[in-house]
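What's counted below: heavy atoms across the whole structure, side chains too, no hydrogens, waters or symmetry copies.
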Amino acid sequence: MERLKTIDWKNETVTIIDQTRLPEDLSYLQIETVEQMHEAIKQLKVRGAPAIGIAAAFGLCVAMKTFPDQGSMNDFLTLLEKNIDYLAGSRPTAVNLFWALERVKKFVAKEACDCTVEQIKKRMIDEAVAILEEDRKTCRTIGENGFELLKDKSSILTHCNAGGLATSEYGTALAPIYIARERGVFFKVFADETRPLLQGARITAFELSRAGIETTVICDNMAAVVMAQGLVDAVIVGADRITANGDTANKIGTYGVALLAKAHNIPFFVAAPSSTFDLSLNSGEKIPIEQRNREEVAAFFGKVTVSEGVKVFNPAFDVTPAELIKAIVTEKGIIYPPFTKNITMLLG
Ligand code: MRU
């Protein structure tokens, strides 16, 4: 089956899958300006921590495309900096966004010393393509490492979407499930619906069923029942930011799922690339949590469900404390508690 290209660079433009239209409509969107990329990230047309990092790197290429080849390098660097700040303002929680912008910035600073503006524009594109290709390899390795943890299980629960559509391919939390399938092992997956924007129902179930993996969508409030009935052997989720002590920010509702898993004695795993770790923060309470607009909660796909004037609380992410996490799967290996020591040892 043809793989889905979450983000693609062709003919000097970026193409993304418009994830707000899934699963009804698998449609592609051409991004021609940095403003369009900013909006695409903000509106979750492209989403998932690694994918928004890759998208931002290409956003910079698009932004600098029209800068005159004969222009001064200083002006180029000033405009680049402005666009980095602009894209960094699109979403606050997933650290991969800032990681990718910083990587391109450092790359350009290094290369700029011995090349022309025309050359640096081309090299920037090569660097963005390298970020995409590395993500593909990284996620595959996460899948191979995660498969070791899950291979004696048969039924997995996941929250939100940390699959191929949240990365360049394979995903993080879903990668072990895809690797298993390649090896002839078929897991059954429970996909939490993931209110308010239904990434589990709309995106996880879409990509898993497309890959021939048996998937059952449940409303978020059904997770306790499927666990109590013994239908879940393990939980695996992705991450938007992991601090030095292992506290993990992920889609709102993840913390509740981790508590339920503990109550039912079910192992709770996190899968993420090393670019999702923010070792500058000691613990999760310092992670900036994106607050999204009222309409996402107060209406359900076009129909108003909360009376006007009633307050709504809509954080996009929550933080799962490290003590609820059994292991964190990365491309560099599996990290077990004590996390502070072991994260530093592997990634520090
Ligand atoms: O708001 P979203 O859809 O970007 O949130 C995505 C998640 O929370 C994912 O679980 C996380 O980014 C990991 S993606 C590999």
### Task
To the nearest 0.5 Å, tell me how far L132 CG sits from R136 CZ.
9.0 Å
### Query
Do L231 and V237 belong together in a cluster built from hydrophobic side chains that touch within less than 4.5 Å?
yes
### Query
So does K153 have more than 12 non-hydrogen atoms from other groups sitting under 6.0 Å from NZ?
yes
### Query
For S280 and D278, does a side-chain donor sit closer than 3.5 Å to a side-chain acceptor?
yes
### Message
Does any part of the side chain of L197, heavy atoms only, come nearer than 4.5 Å to the side chain of E296, both counted from C-beta?
### Response
yes
### Task
Return yes if some donor-acceptor pair links the side-chain N/O of R241 with the main-chain N/O of T93 below 3.5 Å, else return no.
yes
### Query
Are there more than 12 heavy atoms of other residues, nucleotides or ligands under 6.0 Å from atom NZ of K286?
yes
### Query
What pair of heavy atoms forms the shortest contact from I31 to A40, and how long is it?
CD1-CB, 4.0 Å
### Message
In the structure I gave you, are the side-chain heavy atoms of T158 and D192 within less than 4.5 Å of one another anywhere?
### Response
no
### Message
Looking only at the side chains, is there a donor atom on one of S274 and E331 sitting less than 3.5 Å from an acceptor on the other?
### Response
yes
### Task
May I ask you to test the N145-T330 pair for a side-chain heavy-atom distance under 4.5 Å?
no
#### Entry: ILVMFWY network linking F147 to Y336, side-chain heavy atoms under 4.5 angstrom
yes
### Query
Is any NZ, NE, NH1 or NH2 atom of the basic residue among K105 and E81 found under 4.0 Å from an Asp or Glu carboxylate oxygen of the other?
yes
### Query
What about V329 and V189, same hydrophobic cluster or not, with Ile/Leu/Val/Met/Phe/Trp/Tyr joined at side-chain heavy-atom distances under 4.5 Å?
yes
### Query
What class does the angle between the rings of H38 and Y86 fall in, given that below 30° is parallel, 30 to 60° is tilted and above 60° is perpendicular?
parallel
### Message
On a heavy-atom basis, which atom in P273 and which in T172 lie closest, and how many Å separate them?
### Response
CD-CG2, 3.7 Å
### Task
List the steps and the verdict of side-chain contact (heavy atoms from CB on, under 4.5 Å) for D135 and E169.
CA-CA 8 Å; D135 177 76; E169 196 184 352; over 6 Å; no
## Note on the structure
Rounding to 0.5 Å, atoms OG1 (T248) and CD1 (I287) come to a distance of 7.5 Å
### Task
Assess the side chains of N74 and S72: does a donor N or O sit below 3.5 Å from an acceptor N or O?
no
### For A162 against A166, the heavy-atom pair lying closest together
CA-CB, 4.1 Å
### Task
To the nearest 0.5 angstrom, please state how far the CG atom of L174 sits from the CG atom of L165.
9.5 Å
### Query
Would D233 and S155 count as having a side-chain donor-acceptor pair, cut-off 3.5 Å?
no
### Task
Quick one: pull up CZ in R292 and CD in Q43 and give me the separation to the nearest 0.5 Å.
8.5 Å
### Query
For the hydrophobic clusters of this structure (ILVMFWY residues joined by side-chain heavy atoms under 4.5 Å, transitively), does one cluster hold both L157 and V217?
no
### Task
Check whether any side-chain heavy atom of T15 lies under 4.5 Å from a side-chain heavy atom of L29, and answer yes or no.
no
### Query
How are the rings of F58 and W9 set to each other: parallel, tilted or perpendicular (split at 30° and 60°)?
parallel
#### Entry: Backbone of L198 reached by a side-chain donor or acceptor of T194 within 3.5 Å
no
### Message
Counting only heavy atoms not in E214 (residues, nucleotides, ligands), do more than 12 fall under 6.0 Å from its CD?
### Response
no
### Message
Let me check something: do M124 and I131 share a hydrophobic cluster, defined by ILVMFWY side-chain heavy atoms less than 4.5 Å apart, either directly or through other members?
### Response
yes
#### Entry: Side-chain heavy-atom pair V34, L87 within 4.5 angstrom cut-off
yes
### Query
What is the minimum heavy-atom distance between Q19 and T6, and which atoms define it?
NE2-CG2, 3.6 Å
### Query
Heavy-atom count around D85 CG within 6.0 Å, excluding the residue itself: above 12?
yes
### Query
Do F67 and F76 make the cut of ring centroids closer than 6.0 angstrom?
yes
### Task
Would you indicate whether K121, at its atom NZ, is surrounded by more than 12 heavy atoms from other residues, nucleotides or ligands within a distance under 6.0 Å?
yes
### Task
State, without any angle test, whether S27 and D18 hold a side-chain donor-acceptor pair at a distance under 3.5 Å.
no
#### Entry: T340 and N245 side chains, donor-acceptor separation under 3.5 Å
no
### Query
Any sub-3.5 Å donor-acceptor pair from K332's side-chain atoms to L347's backbone N or O?
no
### Distance-only polar pair, side chains of E285 and S283, donor-acceptor under 3.5 Å
yes
### Task
Could you check if a side-chain atom of T243 sits within less than 4.5 angstrom of a side-chain atom of N282, using non-hydrogen atoms only?
no
### Task
Report yes or no: does S168 contribute a side-chain atom to a donor-acceptor pair with the main-chain N or O of G164 at less than 3.5 Å?
no
### Task
Return yes when atom CZ of R183 has more than 12 non-hydrogen atoms of other residues, nucleotides or ligands closer than 6.0 Å, and no otherwise.
yes
### Message
Would you compute the distance between atom CD of E133 and atom CD1 of I54 and round it to the nearest 0.5 angstrom?
### Response
9.5 Å
### Message
Would you say CZ of F268 has more than 12 non-hydrogen atoms from neighbouring residues, nucleotides or ligands within 6.0 angstrom?
### Response
yes
#### Entry: Donor + acceptor pair across side chains of N161, R47 (<3.5 Å)
yes
### Task
Keeping the roles fixed (side chain from D75, backbone from G71), state whether a donor-acceptor pair exists under 3.5 Å.
no
### Query
Is any side-chain heavy atom of E207 less than 4.5 Å from a side-chain heavy atom of Y178?
yes
### Task
Please lay out, stage by stage, how F107 and R123 fare under the test side-chain contact (heavy atoms from CB on, under 4.5 Å).
CA-CA 9 Å; F107 174 81; R123 290 187 198 176; 3.9 Å; yes
### Query
Any ion pair linking R140 and E182 (charged N to carboxylate O, less than 4.0 Å)?
yes
#### Entry: I252 backbone acceptor or donor facing H159 side chain under 3.5 Å
yes
### Query
So, D318 side chain and G253 main chain: donor-acceptor pair closer than 3.5 Å or not?
yes
### Message
Please find the pair of heavy atoms, one from T167 and one from P50, that lie closest to each other, and give the distance.
### Response
CG2-CG, 3.7 Å
### Task
Could you tell me whether the side chain of D247 and the main chain of P321 form a donor-acceptor pair under 3.5 Å?
no
### Query
Quick one: does T13's side chain have a donor or acceptor within less than 3.5 Å of a partner on K10's backbone?
yes
### Message
Please find the pair of heavy atoms, one from D240 and one from T276, that lie closest to each other, and give the distance.
### Response
C-CG2, 3.6 Å
### Query
Has the side chain of Q36 got a donor or acceptor atom that lies under 3.5 Å from a matching backbone atom of E32?
yes
### Message
With a 4.0 Å cut-off on N to O distance, would you call R103 and E127 a salt bridge?
### Response
yes
### Task
Before accepting this row, confirm whether a basic side-chain N of the pair E193/R195 lies closer than 4.0 Å to the acidic partner's carboxylate O.
no
### side-chain contact (heavy atoms from CB on, under 4.5 Å) between L4 and F206, intermediate numbers included
CA-CA 11 Å; L4 292 172; F206 167 79; 3.8 Å; yes
### Check: L149 and F269 side chains under 4.5 Å, non-hydrogen atoms
yes
### Query
Can you check side-chain contact (heavy atoms from CB on, under 4.5 Å) on T320 and N250, steps first, answer last?
CA-CA 8 Å; T320 299; N250 191 49; 5.9 Å; no
### Query
Under the 6.0 Å and 45° cation-pi test, does K251 pair with F317?
yes
### Task
Drop me the distance from M345's CE to N342's CG, to the nearest 0.5 angstrom.
5.5 Å
